[in-house]
Amino acid sequence: MVDREELESVCKRRGFMWPSSEIYGGEAGFYDYGHLGARLKDGWELIWKDFFLGLNDNYHMIYTPNILPYRALKASGHVDLFSDIIVHCMRCSASYRADHLITDLTGKNVEGLNASEIEGMIKENEMKCPSCNGNFSEAEEFNMMFSLSIGPTGEHKGFLRPETAQGSYMNFFREYRALRRQMPMGLATIGNAFRNEISPRQGVYRLREFLQAELQIFFIPDTNDMTFEDMYDGKAEVTVLLDGEEEARRVRMDELEDLPVFYRSHLAKVYEFYREHMNLAPEDVRLRELSKEEKAFYNLIHFDVEINMPSLGGWKEVGGIHYRGDYDLTKHQEESGTKMSIPVNGTRVVPHVLELSFGVDRNIWAVLDRGYRLDEREWLSLPKRCAPYHVAVFPLVRKDGLEERSREIYKVIKREFRAFWDRSGSVGKRYARMDEIGTPLCITTDYETPEDDTVTVRDITSKEQVRVKVPELIDIIGSIIDGEKEFGELQR
RNA sequence: GCAGGCGUGAUCCAGUUUGGUUAGGAUUAAGGCCUUCCAAGCCUUCUGCCCGGGUUCGAAUCCCGGCGCCUGCACCA
């Protein structure tokens, strides 16, 4: 069981993350990454890029701005739909989403109505506060986007983007040509998104400024199936919680035959990413299918990736696999007049989008939550490649030339790996420090080093050591960090 | 946003009820001595009452306002 406050304490004390602008009291929904958090986040992003861009030769990174003009978000639907109509009770001052109130009372779906239309319905039905029977205030529109004015006169209206996806959609056709008209095509990006959350809570879990890692896959349904079929192993097992079922269960991918191939293949790969690269146990990660009520209107199929995080009270969403159909490209085509369709078998077709979306901050927290260990030591078991430091180098004691030799070895190693050198305190103390920040390997020069040019390599998990020759260090560290070898396989 | 609780060195906590010596402890950190493998020991050292205002001879302590955090409710296209 991981205590959230204990983990937050470690994060602050050692340099992972903490509330932003804290010397001025902070502002809810914003977090800083310190020197270790930044390394951890960079490591996570590297693994993510390697894995997801590696799925297909035609999946690529792009970067687009944080600020979007009004029309882009008008087209995407965010100006009209990424907002809630709120009413307040004038007696007990509770606030409610007006559309929920009306739907609960009348059963009507009022999505898309504006504030005055909503208010009319409230008056018409003589609605009262459910908790105290008081009267309601006027309806107010609350949009979750941060609005901006662009330019000196401020006449160009814009917003901080509420999701990174729109940048990929708007670039679809230019990249389609630049990438020589290949389908499927994937545009991935890692960048900030902004939502003016009413009540940011739970540390880094719900932020007002957060980092998304997204891959938008453009494809023509039914024609690209062979490409996707080759991508995954139908015998691979995943944990799913399907809509309408009470319990998550293990299934083979090819049992999910109701899902189209393009979707099933990426679902399998997302699960593989968490099991094999984030080192999560099968019982700690699941794919949850959202019900019709939970899904956004444009999503045809939607599974969330959920990780069991005791520090946040259980299963929490860290990503989603969204089949958005042709909604996005069609909307941008209509608003901009730019052609988004491509020729297929003599007709023009607007490609469909499969979106793989990940909240980086949540994923970082998940890595820390699932990695935190408190036994006879306090330590972090991190995926080795994203650990802030891959390897630390120490002298056993600070005399007889051991310190100088350890420094020489460190200088060689740090060219290849994220490395750390320390000489303070006792060697045990230094191991303990590295345990606390999740450094997988520690190398110590001792009295045998000057005699036969060997050092000890210590494993964070078992605390065991093996003695290896200095010239072999780079290869050995590399094979452990990359997961090609387990520490236990090294010759003792 | 509402209700309740809370805010003390880097971290965690005592002190606030009943205002009154240099605000205490643990951990951590830095420098040194020592040290032949898992937070040993010794010496030295840094950092604090969330912010602002008020009451008072005197405020960490009482009052008002603000900010933040926690829990619940609401919210999370």
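Chain letters run A, B, ... following the sequence lines, proteins first and then strands; every chain starts at 1. Computed from heavy atoms alone, side chains included, the values below leave out hydrogens, waters and symmetry copies.
Donor-acceptor pairing under 3.5 Å is recorded for the side chains of A:Asp369 and A:Ser311. No side-chain N or O of A:Asp284 forms a donor-acceptor pair with one of A:Tyr274 less than 3.5 Å apart. When only modelled atom types and interatomic distance are considered, A:Tyr372 and A:Glu378 share a side-chain donor-acceptor pair under 3.5 Å. For the 3.5 Å distance criterion, the side chains of A:Tyr70 and A:Ser147 fail to qualify, holding no donor opposite an acceptor. Side-chain polar atoms of A:Ser462 and A:Asp459 form a donor-acceptor pair below 3.5 angstrom. Between A:Tyr323 and A:His302, the side chains place no donor N or O within less than 3.5 Å of an acceptor N or O (distance only, hydrogens not considered). Donor-acceptor pairing under 3.5 Å is recorded for the side chains of A:Arg467 and A:Thr454. With no hydrogens or angles considered, a side-chain donor-acceptor pair links A:Thr64 and A:Arg161 at under 3.5 Å. Between the side chains of A:Asp400 and A:Tyr447, at least one donor N or O lies within less than 3.5 Å of an accepting N or O. In this structure, a donor-acceptor pair under 3.5 Å is present between the side chains of A:Thr164 and A:Glu214.
Among the atoms of the strands shown, base atoms are found under 4.0 Å from some heavy atom of A:Glu163. When heavy atoms are screened at a 4.0 angstrom cut-off, A:Tyr298 is found touching base atoms of the nucleic acid. No engagement by A:Glu448 is indicated, since no non-hydrogen atom pair under 4.0 Å with the nucleic acid exists.
Distance A:Arg195 CZ to B:rA77 P: 7 Å, rounded to the nearest Å. When the P atom of B:rC69 is taken as reference, atom CD of A:Glu27 falls 8 Å away, rounded to whole Å. If you measure from atom OH of A:Tyr31 to atom C1' of B:rC69, you get 9 Å, rounded to the nearest angstrom. Rounded to a whole Å, the CD atom of A:Glu403 is 13 Å from the P atom of B:rC34. Separating the CD atom of A:Glu5 from the P atom of B:rC70 is a distance of 8 Å, rounded to the nearest angstrom. Put simply, CG on A:Asp375 is 13 Å from P on B:rA39, counting in whole angstrom units. Going from atom CD1 of A:Ile23 over to atom C1' of B:rG48 covers 16 Å, rounded to whole Å. Between A:Phe30 atom CZ and B:rC69 atom P the separation is 11 Å, expressed in whole Å.
When each of B:rC37, B:rA77, B:rU11 is scored by its nearest atom to the side-chain atoms of A:Thr444, the top-ranked nucleotide is B:rC37. Candidate nucleotides B:rG72, B:rA39, B:rU36 were compared by shortest atom distance to the side chain of A:Tyr447, and B:rU36 ranks first. Out of B:rA77, B:rC75, B:rC38, the shortest distance to the side chain of A:Ile198 is found at B:rC75. With B:rU36, B:rC37, B:rC69 as the choices, the nucleotide that has an atom nearest any side-chain atom of A:Arg4 turns out to be B:rC69. Minimum atom distance to the side chain of A:Ser426 is reached by B:rA40, of the listed B:rU36, B:rC69, B:rA40. Closest to the side chain of A:Lys12, out of B:rU36, B:rC12, B:rC70, is B:rC12. Nearest nucleotide to the side chain of A:Leu396, out of B:rC75, B:rU36, B:rC69: B:rU36.
Applying the 3.5 Å distance criterion, the base of B:rC38 shares no donor-acceptor pair with the side chain of A:Arg377. In terms of polar N and O atoms assigned as donor or acceptor, the side chain of A:Thr456 comes within less than 3.5 Å of the base of B:rC37 in a complementary pairing. In terms of polar N and O atoms assigned as donor or acceptor, the side chain of A:Tyr431 never comes within less than 3.5 Å of the base of B:rA39 in a complementary pairing.
Remark: B:rC2 base-pairs with B:rG72. Criterion, Watson-Crick or G-U wobble with two distances under 3.5 Å. Judged by Watson-Crick or G-U wobble contacts below 3.5 Å, the nucleotide B:rC46 has no partner. Summarising the base pairing, B:rU22 is matched to no nucleotide, lacking a Watson-Crick or G-U wobble pair whose two defining distances lie under 3.5 Å. Remark: B:rA77 base-pairs with no nucleotide in the shown strands. Criterion, Watson-Crick or G-U wobble with two distances under 3.5 Å.
For the C1' atoms, the distance from B:rC49 to B:rG7 is 10 Å, rounded to whole Å. Remark: the separation of the P atoms in B:rC43 and B:rG48 is 24 Å, to the nearest Å. Separation of the P atoms belonging to B:rA23 and B:rC46 is 15 Å when rounded to the nearest angstrom. Using C1' as the reference atom, B:rG25 and B:rG32 are 25 Å apart when rounded to the nearest Å. Separation of the P atoms belonging to B:rG72 and B:rU11 is 25 Å when rounded to the nearest angstrom. Taking the P atoms as reference points, B:rA39 lies 36 Å from B:rC50, given to the whole Å. For the P atom pair drawn from B:rU18 and B:rC12, the interatomic distance equals 29 Å after rounding to whole Å.
Positionally, the nearest nucleotide of RNA chain B for A:Glu22 lies more toward the 5' end than for the other of A:Glu22 and A:Thr445.
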Q: Let me have a per-nucleotide readout for nucleotides 25-33 of chain B, 5' to 3', with B, S or -, counting only protein heavy atoms under 4.0 Å.
A: ---SSS-SS
